[in-house]
Protein chains: 2
Amino acid sequence: MTQTFERLDVPPAYQLVFQAIETEIVEGRLNAGDRLPTETAMARQFGVNRSTVREGIRLLEQSGLVRREAGRRLHVSLPHTRELAPRVSRAMVMQRVTFRELWEVAMALEPAAAALAAARISDAALTRLEENVEATRQAVAAGDPVVPLDVEFHALVAEAAGNKALLLCREPMSLLFYPAIRVLFTKSETGRIAQGRLIKAHEILLDALRARDEKTARDWMTRHIVDFKRGYAVRGLDMDAAVDRLSLLAV
Amino acid sequence: MTQTFERLDVPPAYQLVFQAIETEIVEGRLNAGDRLPTETAMARQFGVNRSTVREGIRLLEQSGLVRREAGRRLHVSLPHTRELAPRVSRAMVMQRVTFRELWEVAMALEPAAAALAAARISDAALTRLEENVEATRQAVAAGDPVVPLDVEFHALVAEAAGNKALLLCREPMSLLFYPAIRVLFTKSETGRIAQGRLIKAHEILLDALRARDEKTARDWMTRHIVDFKRGYAVRGLDMDAAVDRLSLLAV
DNA sequence: TCTTGCCCGTTTGTCCGACAATCAGAGCGT
DNA sequence: ACGCTCTGATTGTCGGACAAACGGGCAAGA
């Protein structure tokens, strides 16, 4: 009988450099804030050329594990939501995720975030939410766009939930979902009605959070998200159409 | 009066190369499967050195936007869950996410996934779930580890929900959550009891999905996730301890 | 016909050496 | 103390080079 062999892949040296440094970081021997050695030094240590080290560094850079501070020296850094979320969002767009799919995820996450926030919200966070709601009222009065403020409102609620895993899960969805509802708040009559409902929901949510009332927070957030779906239906928009690439640039 | 200027940052050329190609892909002028030009050709087109192009390619590679097929030529590819989820998981570990945080997210996502799956599951997916539950029964009988099968069960349910956004949100959490519950299923007496409860929950869930019973699916998934928390408490484990780095290697 | 071996142009991975721009810090003058 | 200049270190970019591996064509052998 003939022995079958599985394809053995020889990773190029620059990937080994990447993995070596990545391991140091993940295993905690290099901590956030630490400075990496210079490229030449690492080239000497690894016994490869500086170009090879540089290619490895690019991989680290894109993973968010190292960052180039204002100057030039490389620092180890925590990969942060601001870098990871856009990549996941982009993947969603490329996989032709629909508004319905985003809405379903929002229906799961946003009410949960609201309930957690009600239990844990700090006074500082409450103040920022109050400012946000006030700004939204003014934007509506002035005819300015409300969606950026809506995005902020929900982000603040999620942040107040004090759950870093939730933030990481929610952000990519949020990045696409809220831009996609921009159409619901145009200057038409329907748009004005939708803005009124949005303000009311935010106000009630704010009150519920202030009162540490988990149940009301959860229920009204649910209503609020359901409202977006209804807005879509009322306008005859297709919930099963893929979210557009343009959404990525919107916020 | 003197004009004030804000610091203008000149991105290095390799990042421009990255952005240029990234844009081509995101805007749809380059589609998944397309072959990229050779490095020398791109260097000629961009008017930069091949080394610079290569550094840009490393950034694309790490984003999952291009892939090195078996041979060598670079193909455009959809960034997939398998690449994105581990990065987010790693970020969670580095941010010292606790089991409680993961559990809260699971409490939001898993019941929703179960309900959606009940509405949409295909016969093929049902078959795979049945096989999984059967394999779990055998693993319990044989004393083999059940956690990998549990991970698979929940992944199958999520897949059956037919929601790509949900999959992308859920995966990073799942990658950490299920390894973290491994301790609950040791060979002790408590472990055996926990295994029994797990099997029962999976069986009922399977029946609910087969019957397209959304409510039962959601309720039992909720119970099932609550059970994990109880298991943690019963064993006196600290839910507010950061999930360990080791979890990353576990599955 | 199918396999094997060989040749050849192409492409990637790696290396070497070089240099301008820029930053950090030392030293200096006021 | 403050500002200035000089100097060395470091990064970003370049040009050129070469071995290894691949793809494909072609010929020899079963």
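Residue numbers start from 1 in every chain, and the chains themselves are labelled A, B, ... in the order their sequence lines are given, proteins ahead of strands.
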Please confirm whether the shortest side-chain N or O distance from [X] to OP1 or OP2 of [N] is below 4.0 Å.
X        : N       : answer
Arg58(A) : dG12(D) : yes
Asn49(A) : dT14(C) : no
Thr52(B) : dC14(D) : yes

Nearest-neighbour nucleotide for the [X] side chain, [options] considered:
X        : options                   : answer
Ala13(B) : dG13(C), dT12(C), dT13(D) : dT13(D)
Thr38(A) : dT11(D), dG15(D), dT13(D) : dT11(D)
Glu55(B) : dT13(D), dT11(C), dT14(C) : dT13(D)

Atom-pair distance ([atom1] on [X]; [atom2] on [N]), nearest Å:
X        : N       : atom1 : atom2 : value
Leu60(B) : dT12(C) : CG    : P     : 14 Å
His75(B) : dT12(C) : NE2   : C1'   : 15 Å
Leu16(B) : dC14(D) : CG    : P     : 11 Å
Leu36(B) : dT11(C) : CG    : P     : 13 Å
Glu39(B) : dC15(C) : CD    : P     : 15 Å
Arg54(B) : dG12(D) : CZ    : C1'   : 16 Å
Arg35(A) : dT10(D) : CZ    : P     : 11 Å
Arg50(A) : dC14(D) : CZ    : P     : 13 Å

| Salt bridge flag under 4.0 Å for residues Glu134(A) and Arg137(A) | yes

| message | I'd like to know if Arg58(B) pairs up with Glu55(B) as an ion pair, taking the criterion as any Lys NZ or Arg NE/NH1/NH2 lying under 4.0 Å from an Asp or Glu carboxylate oxygen. | response | no

| task | Mind listing the closest non-hydrogen atom pair of Met94(B) and Ile25(A) along with its distance? | result | CE-CG2, 3.7 Å

| said: Quick check for you: to the nearest 0.5 Å, what is the distance between Leu156(B) atom CG and Thr127(B) atom OG1? | reply: 11.0 Å

| According to the interplanar angle, ranging from 0 to 90°, do the rings of Phe153(B) and His202(B) count as parallel (below 30°), tilted (30 to 60°) or perpendicular (above 60°)? | parallel

